[in-house]
Amino acid sequence: MRPVRRNFYDPSSAPGKGVVWEWENDSCSWTPYDMDICITIQNAYEKQHPWLDLTSLGFCYIIDFNSMCQMNRQTQRKRRLRRRMDLAYPLTMGSIPKSQSWPIGTQSGQPCSCQQCVLVNSTRAASNAILESQRRKVYAAANGTLTVRQSNSYNGPALWSAMSSAGTIAPNPEQARSPTTTTQLSPISQSQSTTTTTPIPGQNNLNRPGTQRSAVVSTRASIPPGVPALPVKNLNGSGPVHPALAGMTGILMCAAGLPVCLTRAPKPILHPPPVNKSEIKPVPGISGICRKTKKKHLKKGKSPEDVVRRYMQKVKNPPDEDCTICMERLISSSGYEGVLNLKGVKPELVGRLSKCSHMYHLLCLVAMYNNGNKDGSLQCPTCKAIYGEKTGTQPPGKMEYHVIPHSLPGYPEFKTIRIVYDIPAGLQGVEHPNQGKKFTARGFPRHCYLPDNDKGRKILKLLIVAWDRRLIFTIGTSNTTGETDTVVWNEIHHKTEFGSNLTGHGYADPNYLDNVLAELSAQGVMEDCIKD
């Protein structure tokens, strides 16, 4: 004797849907994958991933959904792949009778009492009740009688023709061929309407043979012209319609007798296909493949007033206009008089910045510098001109960069530069908003991409300078999650989508390279900062 066990799968999984993935063997016949592998492949397929690496399951294969093939990573041999939907679990040869379908208990007297069967039975009862009520909807006709019409899924472009002048609704071609589908009934005989054995698309199909289930899915997969499609919002936030709104819209349209089709918005392709270590190459013209930053090194030896005096010139007769820092008139004392007391700095002293010629109270500029990074640089609050070398408050971390043998959308003739940022969580320092408090680092390591051309390499060099100056990231509040005291981007945009541009952070984007150069320039990182 041998022990026997049974497995229950979620109705939304591959076996619950009757989906089986198979590969073609050497005898040109088809062999099904193990059920666990089947579920993994189906999940990746439903998420619209272009490929799937089975290494984590102990197999050196890559599943390519575009070409529907299985490739051996070692031998590069490819086998055909197919997805069947005409089988039901447990797997048998062909389709199985309705009385033998899962769950068994619903057709054999006493139903099964396990949680999964109870859930399926209650869901089936609710859906059948809704479909029955829709199937038997009563419409008032012009002559006072009642017309009973089947509420089927949309099955062709001519489901409803234009309404006639009498206000009646013309049936679809299939209903026109069957005189028993639409029947004139009196109110007393409503409950005695004729029934049809044709399976209703959209009805719960857990206990339906696999061939019928396949037909229903194929019918839903083809969206006829004229049917409004609602792209449903994904869990990651992409897509224009929220699931709840799409569901309510579908219910209202179905109640009004209008066709509707809910579609799933495509998911972004964040990462390239798997790359071997031997295929990763250094970026031409750039030494090294990694940069690290440590804790902030403060520049000492100069007082705040000495730094401000270095970049400004004294104005003897200031104009009668506002100081844009304290909003007091330049001809009067600074608004920081009595708040900030510095020896040798009079509150009425006014200076002009050497590059942009904007004028401020000297005391106001010193107060602004004290509230900043205190790194020896100064930035004009009006035109954002930078004096000195601006540095940021980026926490310690690591930046890696290399070339991978794949192309970005819009740059098919070039390989790709991949940048990997990795910053661990830690404690905030003196330059951060809340000194001594822990900060989080979500989503690391973060992968970013540039085309491996001349402009892409130039941007990489500038990003390395910005990394060394700690300008790529900062600690603040996330615009996405609202979390405080976390690592966030610092106004230098990166492309984190490799093979799509669904979220706006991918390719193709013809203006991105020029835009990121402008953002780097706004941080004081320009071409003359690159060290040969």
Quick one: does any side-chain atom of Asn453 pair with a main-chain N or O of Gly456 as donor and acceptor, under 3.5 Å? yes
Say whether, by atom type as modelled, one donor and one acceptor occur between the side chain of His402 and the main chain of Glu400 under 3.5 angstrom. no
Give a yes-or-no answer on whether the side chains of Asn501 and Asp509 include a donor-acceptor pair shorter than 3.5 Å. no
Ignoring hydrogens, what is the shortest heavy-atom contact between Met368 and Leu378? Give both atom names and the distance. CE-CD1, 3.8 Å
Verify the ring-centre separation between Tyr421 and His447: is it less than 6.0 angstrom? no
For Gln74, I'd like to know if atom CD has over 12 heavy atoms of other residues, nucleotides or ligands within 6.0 Å. no
Counting only heavy atoms not in Glu483 (residues, nucleotides, ligands), do more than 12 fall under 6.0 Å from its CD? yes
Here the pair of heavy atoms bringing Thr391 nearest to Ser377 is N-OG, 4.5 Å
Between Asp468 and Arg291, is the closest basic N to carboxylate O distance under 4.0 Å? yes
Taking Glu497 for the side chain and Thr503 for the main chain, is one N or O donor matched with an acceptor at less than 3.5 Å? yes
Applying side-chain contact (heavy atoms from CB on, under 4.5 Å) between Trp21 and each of Arg82, Gln70, Arg83, report the one that passes. Arg83
Is Lys390 atom NZ crowded by more than 12 heavy atoms from other residues, nucleotides or ligands, each under 6.0 Å away? yes
Quick check on the 6.0 Å ring-centre criterion: do Trp23 and Phe59 meet it? no
For residues Pro304 and Lys374, determine if any side-chain heavy atom of one lies less than 4.5 Å from a side-chain heavy atom of the other. no
Sidechain-backbone polar pair: Gln48 side chain, Tyr45 backbone, donor-acceptor under 3.5 Å: no
Between Asp53 and Thr55 (side chain of the first, backbone of the second, donor and acceptor by atom type, cut-off under 3.5 Å), is there such a pair? yes
Which heavy atom of Pro451 sits nearest a heavy atom of Ile417, and at what distance? O-CD1, 3.8 Å
State whether the side chain of Lys455 and the backbone N or O of Asp452 hold a donor-acceptor pair below 3.5 Å, judged by distance alone. no
Compute the ring centroids of Phe473 and Trp489, then answer whether they are less than 6.0 Å apart. yes
Taking the side chain as everything from C-beta on, heavy atoms only, tell me whether Pro381 gets closer than 4.5 Å to Tyr360. yes
Is the closest basic N to carboxylate O distance between Asp375 and Arg469 below 4.0 Å? no
Using the six-membered ring wherever Trp is involved, compare the ring planes of Tyr411 and Phe414 and label them parallel, tilted or perpendicular (cut-offs 30° and 60°). tilted
Is there a ring pair (Phe, Tyr, Trp, His ring centres under 6.0 Å) between Tyr61 and Trp51? Walk through the geometry before answering. CA-CA 10 Å; Tyr61 296 112; Trp51 56 81; over 10 Å; no
Can Asp64 and Lys78 be said to form a salt bridge (Lys or Arg N to Asp or Glu O under 4.0 Å), step by step? CA-CA 10 Å; Asp64 189 344; Lys78 295 183 179 181; 5.8 Å; no
For the backbone of Thr440 and the side chain of Thr486, can you confirm whether one donor and one acceptor N or O come within less than 3.5 Å of each other? yes
Can you tell whether the side chains of Glu431 and Arg470 come within less than 4.0 Å, N to carboxylate O? yes
Can you tell me if Glu279 has over 12 outside heavy atoms packed within less than 6.0 Å of its CD? yes
Charged tip of Lys355 within 45° of Tyr311 ring normal and under 6.0 Å: no
Could you check whether any side-chain N or O of Gln428 sits under 3.5 Å from a backbone N or O of Gly436, counting only pairs where one atom can act as donor and the other as acceptor? no
Measure from the side-chain N and O atoms of Thr416 to the backbone N and O of His406, and report whether any donor-acceptor pair falls under 3.5 Å. yes
Closest non-hydrogen atoms of Arg457 and Ile286, given as atom of the first, atom of the second and distance, are O-CD1, 4.0 Å
Does Arg446 pair with Asp422 as a salt bridge, N-O distance under 4.0 Å? no
